[in-house]
Protein chains: 4
Amino acid sequence: MKALVYHGPGQKAWQDVPDPAIIDPTDVIVAVDTTTICGTDLHILKGDVPTVTDGRILGHEGVGTITEVGRAVRTLSVGDRVIISCITSCGVCSYCRQQLPAHCLDEEGASGIGWVLGHLIDGTQAEYVRVPFAESSLHRLPAGVSDEAAVMLSDILPTGFEIGVRNGRVKPGDVVAVVGAGPVGLAAMMTAGLYGASRIIAIDLDDNRVEHATDFGATDAVNSGAVEWKDQVLAMTDGLGVDVAIEAVGVPLTFEMATELIRPGGTVANVGVHGRSVELKLQDLWIKDVAITTGLVSATTTPMLLRLVRQGRLTPEKFASHQFPLDRITDAYDTFGRAAETKALKVVINR
Amino acid sequence: MKALVYHGPGQKAWQDVPDPAIIDPTDVIVAVDTTTICGTDLHILKGDVPTVTDGRILGHEGVGTITEVGRAVRTLSVGDRVIISCITSCGVCSYCRQQLPAHCLDEEGASGIGWVLGHLIDGTQAEYVRVPFAESSLHRLPAGVSDEAAVMLSDILPTGFEIGVRNGRVKPGDVVAVVGAGPVGLAAMMTAGLYGASRIIAIDLDDNRVEHATDFGATDAVNSGAVEWKDQVLAMTDGLGVDVAIEAVGVPLTFEMATELIRPGGTVANVGVHGRSVELKLQDLWIKDVAITTGLVSATTTPMLLRLVRQGRLTPEKFASHQFPLDRITDAYDTFGRAAETKALKVVINR
Amino acid sequence: MKALVYHGPGQKAWQDVPDPAIIDPTDVIVAVDTTTICGTDLHILKGDVPTVTDGRILGHEGVGTITEVGRAVRTLSVGDRVIISCITSCGVCSYCRQQLPAHCLDEEGASGIGWVLGHLIDGTQAEYVRVPFAESSLHRLPAGVSDEAAVMLSDILPTGFEIGVRNGRVKPGDVVAVVGAGPVGLAAMMTAGLYGASRIIAIDLDDNRVEHATDFGATDAVNSGAVEWKDQVLAMTDGLGVDVAIEAVGVPLTFEMATELIRPGGTVANVGVHGRSVELKLQDLWIKDVAITTGLVSATTTPMLLRLVRQGRLTPEKFASHQFPLDRITDAYDTFGRAAETKALKVVINR
Amino acid sequence: MKALVYHGPGQKAWQDVPDPAIIDPTDVIVAVDTTTICGTDLHILKGDVPTVTDGRILGHEGVGTITEVGRAVRTLSVGDRVIISCITSCGVCSYCRQQLPAHCLDEEGASGIGWVLGHLIDGTQAEYVRVPFAESSLHRLPAGVSDEAAVMLSDILPTGFEIGVRNGRVKPGDVVAVVGAGPVGLAAMMTAGLYGASRIIAIDLDDNRVEHATDFGATDAVNSGAVEWKDQVLAMTDGLGVDVAIEAVGVPLTFEMATELIRPGGTVANVGVHGRSVELKLQDLWIKDVAITTGLVSATTTPMLLRLVRQGRLTPEKFASHQFPLDRITDAYDTFGRAAETKALKVVINR
């Protein structure tokens, strides 16, 4: 088959590789119908993720059709249309049992991380992919939900919801600020209404992005380039700060912005992937009764989000800014890699 | 009457002052039977709390007997024995209604902080004290609970419980590490069993203190001066870290220790009062699904803790390491100020 | 002034009565701008509520303007526009402190119930009303929210939300069934989206009512007169039942319907006021991991709901089916009393 | 091998049967070292459980040693000492994923119930037992925990904790009443302290049993045969009722007792297995803000309880009132069946 293979920093190729085969009785083989590219894939290509080695097929998002099932698989069948979770869950370790498969202890070749596809084993940017622990890691897709919508349930939408909205403990009536209006920030905005936020404030340096955010659920937009950005946000509260601040960028400055906006008793939910330390002003924060949360998506809410998509309460297909056929995936990478210029949110890649 | 009056950094005096009088109809005057000294009082004396001005009577902890009630007070009467909460709650602002009077918006002369006694108005280290918003800020003391036990419910025990144990989300079976075996750390250890912790590990540099900790509920003791202290703690878990790490010192090093001990999915509850920034290693923590919490006690759990004291399930009188009569309060300060040497935990000062 | 006075079963009059006056320093006098009639008022008139005695001014809902404040009132002023909560909260008893003022222990002339207006003391269906414990029982109304919308926050909307949706523990993705599409059922439907329900199924015997329900947030409507009503509801689930069933009628049959619809692990939230016992089929339910909840509104969520109304996220003015001037309140009673015929939801009565 | 086989109402035999064998790749065979008898086994023998058919080996509790593992089993090995959960969990259905395997949808030959051992497939009262979905249904037993203690973690202790204490939402300081001081009531008493109950009141008709209860964690004992039993219980509260009432008998009278004891805002947790309807006095309860919960144990807390046993914080070996060798299991049934006379709590049966 053909697949997108990583060959060390800066190197990738759409090339011929052997077809995947069932190894363990709990495995399933899926023909990939639709995949997409994550910011993490760009990090890998920069060489930022040394656990990804030369020869690895990339990709941890996808929708497909089952072509083969292992002997121990009871509840999935050849021909089933499925969402491939970005997290592979053994289903039995202590983390999987507590609904935190992000830290699954029993993955193939690794320990303590549930993200294995396109990382520690071959991934979804290929014609076929082997999915271990398939019954715990795939979600059957009902008729009536498009591949385009469904592929957003592999990673981006659960990330915004679980790590931003749910960790942030958003509750009815809350004012929620989201720092960063990129895809994951927008996913948090789209799902903040699930806990009844009264205002959802998009904060970004780019005017286009913040205005665009109102299509994804934001009620207000603030350009953080403006000197008075913080006053603008506080004016949307009772003056004491927001109830929940979601950091969706991953640099020290935006993390600090989130901690400055938070009201006493509020929550800062960090979603951004950080590469270095931040300064935490505990001399100010120790007294404020705040919680700061972090996390890698576990994607345990994918079935719930799928119910909402099916009922038309969520429309994640909006994230699909560009479409490519699978054999033009390198073009898709190019478009996604220049998102500031191409305005790409998620590039959808169809077989 | 006589009172302990602050006169600027390093200066205090046990001196004559006018008796307090009812100002607002919701006020009560309490004759102080027992008081104690908090680490915060020492900070004030060092000049670290500029909002405390020359002439202020110190003290925010106490047990006493009501001598006068304002016209709007319905549920308290002259002669009632009461615990004086360290937090004065107006009972009606949005923070008081959500059980966070630490951030009460309607205090006398201040905004946004419920700690006013011995801070923004005269306090409890005196023969009498005026308590505003008395019905929301005093707790009637049943017969059979000693002053010595009750005075620990003004601040120290609710602080350890609310900011350490409850913010830390301790749950049955958890392994809890408490960094710092001073009074507030011991208060966290004493109350961690209320949520069924399986192990409570005391960590401190002082051998005496950590061993002593087992009298206060700790099941295990680790001296953090040992090179292998972290391995010792991890060996008391499944190897992945503790479920809850409570920071009860207030310096960058101990905060870092807490973040290093925490397992994926765990909680770091900061109780220490910090004077400067700490380095938060988000490059490691972003993925770990941890929560870091902070807070000032609201003392809303005082009635609940009192029930447990009354039933003999908690014995906070253990904190009373020294006893002084009220007119020797400056000696009490001396003893408490040299705690490393005197082994003082809480010095109890009786009229 | 003029007021609507109860004179025993079946007897009421719009008549002259003395103006109310401040009694306690925590009281406030409010000029009633808008009031409405509750189903409970009809029960009182039938003689079903013996604690209401001859001479009582009825009404526990209202919006008005403060004309006088007691000496202990600090945060409210003459001229303030306020929502009058149906529950009067002393703010300091153990139930008020735990946010359950429905069971306030310190009310005027009563014990253990926070509903006193139009019950144990004179109520809001009058030109003026005295409100005890005013700071805990009134909510300042910001500009831009109509009286018509605001009066729904006295009782009906918090009842549907607190006792139906919140007690029912609705969570994102849930399928919620509401048995009974009268005003309180509609209030539950309108607020079920605040916790992200995927489907909200209105169930009623009356075709008009169930269809109407979709204007109030219902996504689906089932006529329970149809033989196959239960199958219709189950077909909107995965076949195992709804996650939350809200009973909003108050008779044994509808309670049983709710318990029949519930899936294992689900919650039946009873909102209806029941006059007699129901048969609880514990032989079936003991194994099902269900919770059955009951409650009287505490109206502690009124400020939160008000934020959502102000932002346009909730539009409770939809409940206002009829309008009357205050001096025609007996006509309003007539219209509301014949709701089946007049299609009245809430009749709004303006000064 | 030998096993205890059910042969229709009133009929059982300790007899030769074929050894069990691996059927599915996720199966394991366990040599039973210790088993015990549940009240449910007596119900089966009376013919109350028609889904148990002639020829079925009884028993759903046990501790043993693995003798064979299926091909898909990765985390368990021959020779491992394990606790056999009374609930068999597929690990992947929606109920198992939400930690409610009591309602597992994918069991062998059944649907919607996780209790299959000794019910729908052969059970643990035998020399060997086949355990399906072994990785989700067995718990590895560390050295230092006795079989006698461990076998109580199959069913009785998690039942008391999950369905009594946890469903009852016991919180620190609560007064908890347990109606019924049989084994499951005692299991609730033993674990109520895990959430910091201030009083745990044992209520039973039998003086021996209630007094005995203080060995299992009860702080107070009330004989419900006394006319004034209810007043005695209320006198242990503030007069308004208990915070949590746990029903651990399973007849209408005891359920009513629980609902009469409950304070406004409290929870009635039903643990008893009921054979007929009860009268629920909604005319009294609708206003009380109570929750009534039911449930079948899911045994998801077994690993947590095991940690507490290992640390000596729980001592379930106290339930072992009698000991029998496996080949005298019919004597064990006789002793357990006459518990009122023999004072049997749990009879421990060792290979």
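Below, chains carry the letters A, B, ... as their sequence lines are ordered, and counting in each starts from 1. Hydrogens, waters and symmetry mates play no part in the numbers below; they use all other heavy atoms, side chains included. This structure is a prediction, so every number in the text was calculated from the model and none was measured.
- In terms of heavy atoms, A:Pro25 sits closest to D:Arg71 at CG-O, 4.0 Å.
- With values rounded to the nearest 0.5 angstrom, A:Arg97 atom CZ is found 14.0 Å from D:Arg97 atom CZ.
- Look at D:Asp24 and A:Arg74 and you find a salt bridge, because one of the NZ, NE, NH1 or NH2 atoms lies within 4.0 Å of a carboxylate O, short of that distance.
- Of the atoms belonging to D:Gln99, it is side-chain heavy atoms, and not backbone ones, that fall under 4.5 Å from chain A.
- Most heavy-atom pairs under 4.5 Å with chain A: of the set D:Cys93, D:Ala72, D:Pro303, this distinction falls to D:Ala72.
- Heavy atoms of D:Thr75 lying under 4.5 Å from chain A belong exclusively to its side chain.
- In this structure, the portion of D:Leu138 lying under 4.5 Å from any heavy atom of chain A is its backbone and not its side chain.
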